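Before any comments, here is the structure.
All values derive from a computational prediction rather than experimental measurement. Proteins get letters first, then strands, A, B, ... in listed order; numbering begins at 1 in each.
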Amino acid sequence: MNFAFSDDSRLLRDQARRFLAERCPASLVRAALDAAPPQAAALWREMAGLGWLGVGLPEAHGGAGLGAEALCVLAEELGRALAPVPFLSGRCLAAEAIAQCGSPAQQAAWLPRLAAGEATAAFALAEGAGDPSPGAIRARLRNGRIDGTKLPVADGMNADIAVIAAQDADGPVLALVDLAGPGVERQPMAMIDPSLPHANVTCRAAPAERLPGAAGWNAIAALLDRAAVPAAFAALGGASAALEMAVAYAKERHAFGRAIGSFQAIKHKLADVYVAVELARSNAWYACWALERDAGALPLAAATAKVSADAAFFQAAKENIQTHGGIGFTWDADPHLFYRRAMLLAHALGGPRFWKERMMAALETANAA
Amino acid sequence: MNFAFSDDSRLLRDQARRFLAERCPASLVRAALDAAPPQAAALWREMAGLGWLGVGLPEAHGGAGLGAEALCVLAEELGRALAPVPFLSGRCLAAEAIAQCGSPAQQAAWLPRLAAGEATAAFALAEGAGDPSPGAIRARLRNGRIDGTKLPVADGMNADIAVIAAQDADGPVLALVDLAGPGVERQPMAMIDPSLPHANVTCRAAPAERLPGAAGWNAIAALLDRAAVPAAFAALGGASAALEMAVAYAKERHAFGRAIGSFQAIKHKLADVYVAVELARSNAWYACWALERDAGALPLAAATAKVSADAAFFQAAKENIQTHGGIGFTWDADPHLFYRRAMLLAHALGGPRFWKERMMAALETANAA
Amino acid sequence: MDFDDTPDEAAFRAEARAFLDANRPRKDRARAAPRYGEVDAAELARAKAWQARKAAAGFAGITWPREWGGRGGSPMQQIIWNQEEAGYDVPYDVFLIGLGMCIPTLMAYAGRPVLERYVRPALRGEEIWCQLFSEPAAGSDVAGLCTRAERNGEDWVVNGQKVWTSGAHFCDFGLLLARSDPAVPKHAGLTAFWIDMKAPGVEVRPIHQMSGGSHFNEVFFTDLRLADRQRLGAPGQGWKVALTTLMNERLAVGEPRRPDIHDLIALARAVAIDGRPAIADPAVRLKIAEWWADSAGLAYTRFRTMTALSRGQTPGPENAIAKVVNAARLQAIAAYGMDLLGQAGAIADPALAPMAGLFQDGLLAAPGQRIAGGTDEILRNIIAERVLGLPAEPRVDKDMPFNRHAPAR
Amino acid sequence: MDFDDTPDEAAFRAEARAFLDANRPRKDRARAAPRYGEVDAAELARAKAWQARKAAAGFAGITWPREWGGRGGSPMQQIIWNQEEAGYDVPYDVFLIGLGMCIPTLMAYAGRPVLERYVRPALRGEEIWCQLFSEPAAGSDVAGLCTRAERNGEDWVVNGQKVWTSGAHFCDFGLLLARSDPAVPKHAGLTAFWIDMKAPGVEVRPIHQMSGGSHFNEVFFTDLRLADRQRLGAPGQGWKVALTTLMNERLAVGEPRRPDIHDLIALARAVAIDGRPAIADPAVRLKIAEWWADSAGLAYTRFRTMTALSRGQTPGPENAIAKVVNAARLQAIAAYGMDLLGQAGAIADPALAPMAGLFQDGLLAAPGQRIAGGTDEILRNIIAERVLGLPAEPRVDKDMPFNRHAPAR
């Protein structure tokens with residue numbers, strides 16, 4: 001048994017952390033709250049240059065030949081840096097959908113360009129309030145054209161194509177739509193974390209091309225499970241960074257003649273955050289292993305990791321603000337960046353209730369109890 | 001508006017507290033853990049002598065001519081003292097059932113004796129696991145005889161009669177059964193709080209006499225609502241006493257050169273208990289008012305008070321043990337007496353889930369939202 | 001116990017309601033939510049106009065003496081007014097701190113000429129007051145403040161910086177706490193003043209909050225000159241004056257911020273889970289039930305406070321209870337409401353998010369509620385020490401001359 | 001990452017399993033629950049017999065040197081053994097403290113003759129050791145202990161009282177921490193010894209716990225004479241010795257006490273709500289899901305620890321995490337299980353309560369779990385200070401001579 005990341009993964013982590021400390025400081029995230037800054041686009045291109053966008057994709061299609069560990073390491077570091085780039089939606093949902101369910105032609109057409117950062121893809125499942133379910137998909141695919149409204153769609157304003165969930169005669173399917181093409185209308189929309197822009201995308205007889213491998217709800221659910229693992233790592237990275245920020249401030253800030261971190265109210269609060277983060281880390285690691293090695297264990301492991309990491313991120317983010325006191329509540333301080341991202345991530349693939357129910361369903365299926 | 005107890009009620013409270021401090025010390029409660037001590041029976045007789053058992057019952061039948069405020073004050077003080085007497089089951093459920101639903105003859109036959117402490121009555125609703133509901137009553141009343149097993153039945157070993165819930169042809173009803181009569185078998189059973197003894201009561205064609213006013217589930221549910229109010233006060237009293245005990249110990253016990261109550265870990269824990277107790281107190285007061293004045297408001301008020309007080313009592317009791325540290329975990333220290341009583345009370349009329357659901361149903365009915 | 005009005009109370013309530021009916025529309029919960037944000041010029045004008053109208057009709061300063069423009073009424077009348085006004089759509093209350101905390105402090109410490117000049121205009125909403133206590137290095141530890149007030153002949157000269165000053169950008173006057181003697185222990189070297197916020201040497205800079213608005217400000221003092229008659233209490237007695245102000249803060253018991261439990265119930269009725277209203281889901285019901293129990297408990301605790309007030313008792317720690325419960329619950333309810341929205345939970349667009357983004361706004365406002373006006377931690381200290389009588393922590397800073405403290409960071 | 005055994009590990013696992021299969025029945029969760037109570041004479045005899053058999057087969061002290069009767073194996077082998085043994089019905093482990101904490105401390109501080117005499121009998125289960133640190137006035141604050149050890153010629157004489165000594169009533173030897181010099185600061189005046197629990201001057205009185213059993217004891221010393229060769233470490237170095245012992249405590253990472261999440265799932269399958277299994281109720285599912293996430297997180301955290309151990313790293317604060325999470329969750333799960341039983345929740349009769357009263361037993365045991373071996377509060381301090389590096393609280397007692405402290409109460 002060996003429950004630790006490989007040496008290669010640790011090297012990748014060090015490299016990513018150094019790179020992002022330089023190219024993705026908090027000031028860039030803050031700038032992205034107002035409008036996508038050019039540095040964010042530059043960061044995305046550099047990530048492509050480093051091969052990060054092809055991690056886990058087939059080498060034949062521009063992939064980097066690395067596996068789940070590398071994908072998770074990158075997700076965690078991007079989450080820690082709150083990078084304002086569509087890694088989760090573009091790489092872990094849209095490109096993954098094409099890689100898992102696309103035809104050879106679709107893969108050949110899109111994966112190399114996506115891996116190279118020459119195009120980006122969005123993933124459009126949600127249609128407003130409600131958690132993912134077959135019945136929540138009301139968009140329709142008929143005669144190669146999609147009708148329906150999708151929101152929120154991460155990166156929807158900027159992306160070139162979208163993988164869109166719709167109903168055809170047989171049930172839920174996924175289809176590729178050219179977002180710049182006819183019959184597509186997009187509107188930017190305000191999210192709780194504006195640093196990752198989202199759109200409201202309406203299709204009116206927009207030409208669409210099915211992903212042949214994505215027939216039925218189970219294929220879509222399987223994609224959500226796969227994406228939940230890097231999503232959990234992104235939350236874990238954010239949670240770790242928020243905790244570190246709180247600890248550093250608690251050591252430095254003085255009140256009543258002492259560092260505030262010497263008061264048990266702060267000390268025990270942060271100990272509780274640490275416990276939550278470490279449990280989330282262990283769950284995330286296990287899910288990474290399941291993603292790499294054991295498809296049977298994946299649904300339960302992915303849901304457990306997602307629930308655990310989202311809860312830890314929210315706890316770490318809110319107690320980071322609280323530890324900072326008044327300054328933590330200002331726009332110009334960094335703590336709210338984590339708080340916003342925590343809430344965005346917690347709803348990106350369905351909300352907490354969805355993943356807890358998915359965990360229970362998997363637990364009963366796995367007869368793990 | 002005047003949201004406070006009357007002067008009469010405050011006098012009664014002072015009197016009750018003094019009386020119980022003398023006649024019901026913790027040593028009596030502790031003795032009752034092993035077997036019902038003679039002092040507990042003496043206490044019950046003295047309570048009868050003080051008119052406490054007739055509080056809220058009609059004066060024509062030996063009642064004391066006092067109302068809901070007095071009943072609640074006594075319940076709170078008995079709860080605070082953890083008195084090992086069947087006030088909740090005997091007065092607030094069984095005698096109340098006879099007073100609310102009995103025929104004039106039944107009332108005349110039993111209420112004066114119950115109020116005088118010459119007889120005691122048990123209330124038998126539960127039949128093992130599960131919360132109160134019409135379907136959970138499987139005992140049957142046919143041709144004036146009851147068949148079925150009831151457990152746990154508070155005071156079931158000692159009581160003279162029992163008000164037993166059973167199904168007749170029309171649905172759930174309540175009936176009086178002579179526990180010393182034919183066809184009744186009783187076995188003592190271990191409860192988490194042995195200081196209030198319970199029994200497993202089996203009826204095999206035991207002669208039974210219907211309470212004519214208790215036809216249908218709603219009558220039984222209304223009795224539970226009425227009893228929930230003094231039950232909430234009993235829990236409130238216990239919670240207050242447990243908090244006071246924890247605060248006193250935290251001031252006295254020293255570690256690391258300081259009173260442990262000066263550490264924020266203890267201080268904030270007890271502040272949280274205080275908040276829970278005060279919210280419970282306010283909810284209990286409102287339920288007392290509803291019991292006295294406004295039957296329409298009672299279901300929501302009673303459920304809210306019960307949920308709030310049971311939760312506060314459990315929190316106060318467990319953190320009282322924690323504040324005491326090792327000594328708090330010993331049999332010979334008093335904190336576990338509160339912890340046991342908290343759990344007993346929280347399940348006596350249906351568990352926490354039952355009362356939360358009852359609260360929601362009342363909330364929707366009241367359209368209070 | 002009696003929840004009915006006495007005949008006098010009923011008469012006052014009818015009078016209040018008639019005035020409100022004639023002057024304001026009823027509040028509509030279903031309409032756009034109150035946004036946590038700044039008070040713009042139009043809202044400020046509306047607030048001033050409404051205050052003037054209330055004052056003219058005798059509904060401002062209900063318990064204040066008639067001598068100062070008040071009604072000379074009872075605490076119960078004030079409570080009844082608050083209950084009634086809460087049902088109407090009224091402007092944001094920009095006078096709460098001035099009338100609730102600053103003017104009462106003035107009444108306790110200022111001379112008659114000052115009161116003659118300032119009390120009535122404040123009551124009529126013509127002049128607004130703010131409170132200048134907190135500093136960057138003195139938040140929870142207010143007595144650790146550094147702003148200096150130095151004697152200069154008959155005057156005082158003030159230099160330093162305040163922060164978290166609610167409404168300073170639209171305020172006319174303020175209550176200032178400054179350090180007049182750094183050579184004595186921290187609580188002993190403070191002096192209180194009232195100041196003109198428009199005087200030279202006062203600069204107000206709004207703070208951009210994470211929730212979007214700029215309700216709070218930084219206030220900088222550069223050689224601000226104060227006449228000695230602007231002093232409140234003796235030199236070195238400033239901490240005592242500040243405690244008077246902060247005690248009055250407790251009287252201003254507010255309604256819980258929204259989204260509250262009623263909003264959550266409304267949301268749970270509006271959104272669906274598996275094709276049924278969310279409120280039919282047992283897990284949702286359990287959550288609502290638990291929050292309902294706390295919300296009801298707080299509401300009835302307020303009745304207990306009102307009863308005590310109406311009997312002339314000073315209010316106890318109830319406000320600490322309310323704030324510590326409300327702020328944490330606001331955060332939890334807001335997050336849970338977003339959870340009920342599933343994939344749309346993170347949408348903050350008021351045109352797209354249910355109830356005009358009330359839950360998302362509340363989530364962003366909640367961290368401030370847990371901090372402003374006493375953090376969760378300070379409030380628990382207050383309950384533990386002042387109510388339960390638990391001993392204070394050993395203090396390393398309390399008796400040491402302030403200028404020998406390690407620099408606060 | 002790899003959860004598969006290496007060929008060597010697989011071979012060891014097969015060997016362990018073969019031995020276990022030949023000697024013990026498999027554990028059956030559905031059968032009567034382990035009761036939190038005392039170890040009676042029969043259970044003690046079974047425990048000793050099982051330990052002797054393990055030692056004879058080379059499965060006791062797997063990582064200990066062969067020289068002392070161990071296997072000389074790897075930490076991973078110890079882990080594999082623990083995993084496998086957990087699947088079988090084995091007696092209560094009365095040797096945990098002796099072999100996990102006391103003997104390792106002896107190995108670090110005692111001379112060869114002592115080790116020659118005591119290590120092997122302990123490993124074979126013939127002699128059991130206990131740890132004598134806590135005192136009535138020194139629980140969380142262990143270094144505040146008062147038991148005196150005074151020089152008397154070549155010997156030491158011990159007077160005082162210990163408390164919370166696990167298993168003292170069946171132990172043969174013990175590790176004692178006593179105050180040898182009250183005139184120096186508290187941590188500097190302690191000395192450690194090993195003692196014979198059957199010696200004159202040692203009296204053991206079981207403590208009746210609220211959970212019913214008597215696993216803990218008071219131990220009284222009246223003029224207990226110790227030879228100087230029973231001293232461990234130099235006089236005044238006792239705190240350092242104690243830290244060695246307590247650090248070894250962390251290695252003894254235990255399974256969560258029952259009822260655990262699996263028991264709750266079993267209960268939720270067995271009982272009904274509205275005619276359906278409770279596990280189908282969304283509110284129940286939500287609770288289980290949240291506890292599952294924590295339980296799984298702890299289980300995988302243990303894998304991280306095992307991996308670190310197998311690489312020769314010293315264990316970190318993982319045990320503090322496990323204990324603080326497990327104890328609170330035990331209490332919550334036990335209470336929730338009782339909630340699922342409705343009106344029958346308070347029945348403690350093992351013949352009537354589901355799963356033989358496991359949930360009710362757990363509820364009564366949980367308060368002890370939150371206290372024994374480090375309270376919730378002490379564990380959070382450890383995490384905050386030793387892991388996160390937050391500063392310690394100011395200590396009024398640390399540098400003052402012990403005999404000038406205010407008397408501990």
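For C/D376, no part sits under 4.5 Å from any heavy atom of chain B, backbone or side chain. Contacts of B/V247 with chain C are made by both backbone and side-chain atoms, with heavy-atom separations under 4.5 Å. Within the 4.5 angstrom heavy-atom criterion, only side-chain atoms of B/M359, from C-beta onward, approach chain C. Using a 4.5 Å cut-off between heavy atoms, B/W355 makes no contact with chain C at all. C/E9 touches chain B through its side chain: at least one heavy atom from C-beta onward sits under 4.5 Å away, while N, CA, C and O do not. B/E244 does not touch chain C: none of its heavy atoms, backbone or side chain, sits under 4.5 Å away.
Using a 3.5 Å distance cut-off with no hydrogens or angles, the side chains of C/R380 and B/Q264 do not pair a donor with an acceptor. A donor-acceptor pair shorter than 3.5 Å can be found between the side chains of B/S240 and B/R281.
Considering all non-hydrogen atoms of both residues, B/A70 and B/S9 come closest at N-OG, 4.5 Å.
The greatest number of non-hydrogen atom pairs below 4.5 Å with chain B, out of C/R304, C/E290, C/E377, C/M306, is found for C/R304. Of the listed residues (C/L379, C/I261, C/I79, C/D294), the greatest number of heavy-atom pairs within a distance under 4.5 Å of chain B belongs to C/D294. The most heavy-atom pairs under 4.5 Å with chain C, out of B/D294, B/T304, B/V307, come from B/T304. Options B/R293, B/E69, B/R353, B/R258 differ in how many heavy-atom pairs under 4.5 Å they form with chain C, and the most are formed by B/R258.
Environment of CG in C/D274: sparse, with no more than 12 heavy atoms of neighbouring residues, nucleotides or ligands closer than 6.0 Å.
Checked against the 6.0 Å centroid threshold, C/W81 and C/F12 do not count as a close aromatic pair.
Salt-bridge formation is not detected for the pair B/D272/B/K269: no Lys NZ or Arg NE/NH1/NH2 atom is positioned less than 4.0 Å from an Asp or Glu carboxylate oxygen.
For the salt bridge (charged side-chain N to carboxylate O under 4.0 Å, His left out) test, residues two or more places apart in sequence or in another chain that qualify with B/R226 are B/E96.
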